[in-house]
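In what follows, a structure is listed as structure tokens, so that the remarks can point back to it.
Chain naming here is simple, since letters A, B, ... match the order of the sequence lines and numbering starts at 1 in each.
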There are 2 protein chains.
Amino acid sequence: MSFDTYELSDRKKSILKAIVEAHIKLGEPVGSKYLMQEGNIPYSSATIRNEMAELEGLGYLEQPHTSAGRIPSELGYRFYVDTLVAQYDATTQEAGQLKKLLSVKQAEIDKILENATKVASAMTNYTALSLRPRPSSITIKKYEAVYLDPYSFIIVMIAGGSDSVKTRNIKLPFSITSDLIKLLSQVLNVFLTGISINEMNISLMVDMEKYLEDNSGEDKKLCAELISITVKGIYETMNELGSEIKFEGLNRLLEHPEYKNLDKLQKMISAIESKEDIIKAVSTIDQSDDETKIFIGSENMVKIMDDSTLIYKNLKLNGKTIGAIGIIGPCRMDYSKVLSTIDRLSEEINNMSSLDALPPGTIIKTEEDDNGKQ
Amino acid sequence: MSFDTYELSDRKKSILKAIVEAHIKLGEPVGSKYLMQEGNIPYSSATIRNEMAELEGLGYLEQPHTSAGRIPSELGYRFYVDTLVAQYDATTQEAGQLKKLLSVKQAEIDKILENATKVASAMTNYTALSLRPRPSSITIKKYEAVYLDPYSFIIVMIAGGSDSVKTRNIKLPFSITSDLIKLLSQVLNVFLTGISINEMNISLMVDMEKYLEDNSGEDKKLCAELISITVKGIYETMNELGSEIKFEGLNRLLEHPEYKNLDKLQKMISAIESKEDIIKAVSTIDQSDDETKIFIGSENMVKIMDDSTLIYKNLKLNGKTIGAIGIIGPCRMDYSKVLSTIDRLSEEINNMSSLDALPPGTIIKTEEDDNGKQ
DNA sequence: CTTTAGCACTCTTTTTGTTCAAGTGCTAAA
DNA sequence: TTTAGCACTTGAACAAAAAGAGTGCTAAAG
């Protein structure tokens, strides 16, 4: 990246570009003769060979073995992608299609992410992933505590921005009244609305305890404990709300010859299944960043994926980051297609009709959970 | 199954058993010589050969090609499993381990299922799956409608038995008041508590409309529409609550030589990813059934999985079916291990300390959801 | 009548050798 | 600076041969 690409002559650039594109298309090493005939390089194979030898010396190309053609190195792909992105003139052919696929009465953020992932995977033929925004950026705009029985209640949290709903079931070591829970509801809404996970601190809890004690007439210790347990639950829930990752099109991995190699495939599936690694890797990306990020080969933070490429972009809806979408595939990836798909997709979502304009009576599905209280 | 296994002599049985076990262990066809030397069959290879030829004639064995040993046919596996299950004397070595793995303050049904799946996959080295009970058996024991703004509210539903919490966000084409939502809450609790999805009918809705109209003084049409939209949402939500399927240990598929065959692997991954097929297949199993079900090869209802085995068992907690767990792998599966693991696991869960006995202050995590209202 | 040793036979796997084609690097000429 | 030509390397493809595994059958032994 910091490599000085300007030392490359125009001819070298065009040869490199042609090699990358041919390799993406064919999946095989490309030779000088092919470039001359099909690659639109107006020089003899000998000249091309000389250039290729130099490009190899510079680290842009690799040769699997003596009598094979060249394949792009990671640096070669990186060069290609960088120039591609620079001249990138969104090939708009498929925009309408995307719109149609996405526009099916989208209501829920989850559904949007899920559909976007499906569409991305289907259109590019690679495995796609989606990620929720990270916990620290989440705030709750409304709380509701629901009384269940003397020893348990449920907190319903509605996230600001995305309007996600998450619930948490809390079981207590002491008994409480339905009225106290109503009051708790009030306390939560007064003190914790709009507060991010980082802003939850002790002094806030002390205030909450005091408020609850004053207005309920309950025992001080009980109030303190109730608040403590409740806030802890909320804290954990907010943490879980963020950074959820989902995959789509796993089976498409198998369609690409690079994953016929069972070792690579195994690595890849393990990486995908463990999730944590990928979340961690992707979490380093600035969440407000609008750029499409491309990690080629060893640039990937997930060591295990070091011969694959991850293309990744934050998704915004009405200006708010609602998550991110990514494509995973071999380094030999149709970058142009993937980039255009992802960009189109994110644009489409960004411009999606505000949900206030939903058809009347729309039922907005939310989510579900279990808790084993009994 | 209805095949008359009693026509087999003891010697044939022991040979068949030895072949199945050797094949499970080695993953390769087994020959007469091997059985004589390693398989603990006290006859000469010639005698064994004769018996094998007969077993093949009876359909219990197959020969990949002339000069290969024999492998068990589906019928052979079925015989093995049936007798295995019959004499099945739970090899208890790993029971303690299971207990430890599961006992980490289990609170949530989801978590129990998830952990059970992980444990099952880890201990057997096969891919495991878990399934929620089906929708028709779910009832809601408590509703709570949460007012959001004049045009939207959220319904919180707490499932009976499993105490799952699910929420649904509803957007209205007309405006409502916070008080009306409170009343709606009441209506839902009065009319829909304990009602299964099959019992929701028109007359119930008419009653609800009437009740709401009488007690709120709102316009009749508005009440009717509110109830209709709400019930529809609840209905859909209950449907979604059931039959959720999750997988664990996908990467372990790759560890078994039968899935080195990319075709099989691809089929398998597709089957797993599409989910619906497997849900449909498994749904035919009686939910209250306590037996461990074993589907070998073409016995599987998912055509695509017709050279794999699915072992499947309902899980109960305090007498209630909370879901099911399954193991998927090649027909050449270590049945003894898998069966014992699944049985242990289900027993362990069944006996799990009632959640009332949870340590005080336990926070019972529930779940989350999105809805794109905005 | 049952079991077993022995052997010919079949079929797969592995090895070996040969040929082929691709693609290169280098040299010398244009 | 470019290009034609050629020797060289190397993997891929194919065929033939060899090795190995396991069987079925026959005939002898218990």
Just how far, in rounded Å, is P of D:dG22 from CD1 of B:Ile71? 14 Å
To the nearest angstrom, how far is B:His23 atom NE2 from D:dG22 atom P? 14 Å
Starting at atom CD of B:Glu38, determine the distance to atom P of D:dG22, rounded to an integer number of angstrom. 12 Å
Atom OH of B:Tyr43 and atom C1' of C:dT4: how far apart are they, to the nearest Å? 13 Å
A:Ile48 CD1 to D:dA4 C1', in whole Å, measures 14 Å
Look at atom CD of B:Glu291 and say whether more than 12 heavy atoms of other residues, nucleotides or ligands are closer to it than 6.0 Å. no
Here the distance between atom P of D:dG5 and atom CE of A:Met36, to the nearest Å, is 12 Å
Going by the salt bridge (charged side-chain N to carboxylate O under 4.0 Å, His left out) test, name the single residue among A:Arg49, A:Arg70, A:Lys12 that passes it with A:Glu56. A:Arg70
Which residue lies more 5' along DNA chain C, comparing B:Pro42 with B:Pro64 via nearest heavy atoms: B:Pro42
Side-chain heavy-atom pair B:Leu265, B:Leu253 within 4.5 angstrom cut-off: yes
For C:dT24, what is the paired nucleotide under Watson-Crick or G-U wobble rules, both distances under 3.5 Å? D:dA7
Can you check each nucleotide of nucleotides 19-30 of chain C against protein heavy atoms at under 4.0 Å and return B for base, S for sugar-phosphate only, - for none, in 5' to 3' order? ---BSBBB----
Over 60° means perpendicular and under 30° means parallel, so classify the ring planes of A:Tyr60 and A:Phe79, tilted if in between. perpendicular
Heavy atoms from other residues, nucleotides or ligands near NZ of A:Lys33 exceed 12 (cutoff 6.0 Å): no
Write down the partner of D:dA29 under the Watson-Crick or G-U wobble criteria, each distance required to be under 3.5 Å. C:dT2
Earlier contact from the 5' end, DNA chain C, for B:Ser44 and B:His65: B:Ser44
Whole-Å distance separating the CD1 atom of B:Ile41 from the C1' atom of D:dG22: 17 Å
Side chain to side chain contact (heavy atoms under 4.5 Å, CB included) partner of B:Met123, the single match among B:Thr341, B:Ile342, B:Leu345, B:Val338: B:Thr341
Nearest-Å distance, CG (B:Leu55) to C1' (D:dT23)? 15 Å
Under 3.5 Å, side chain of B:Tyr335 to main-chain N/O of B:Cys331, donor-acceptor pair present? yes
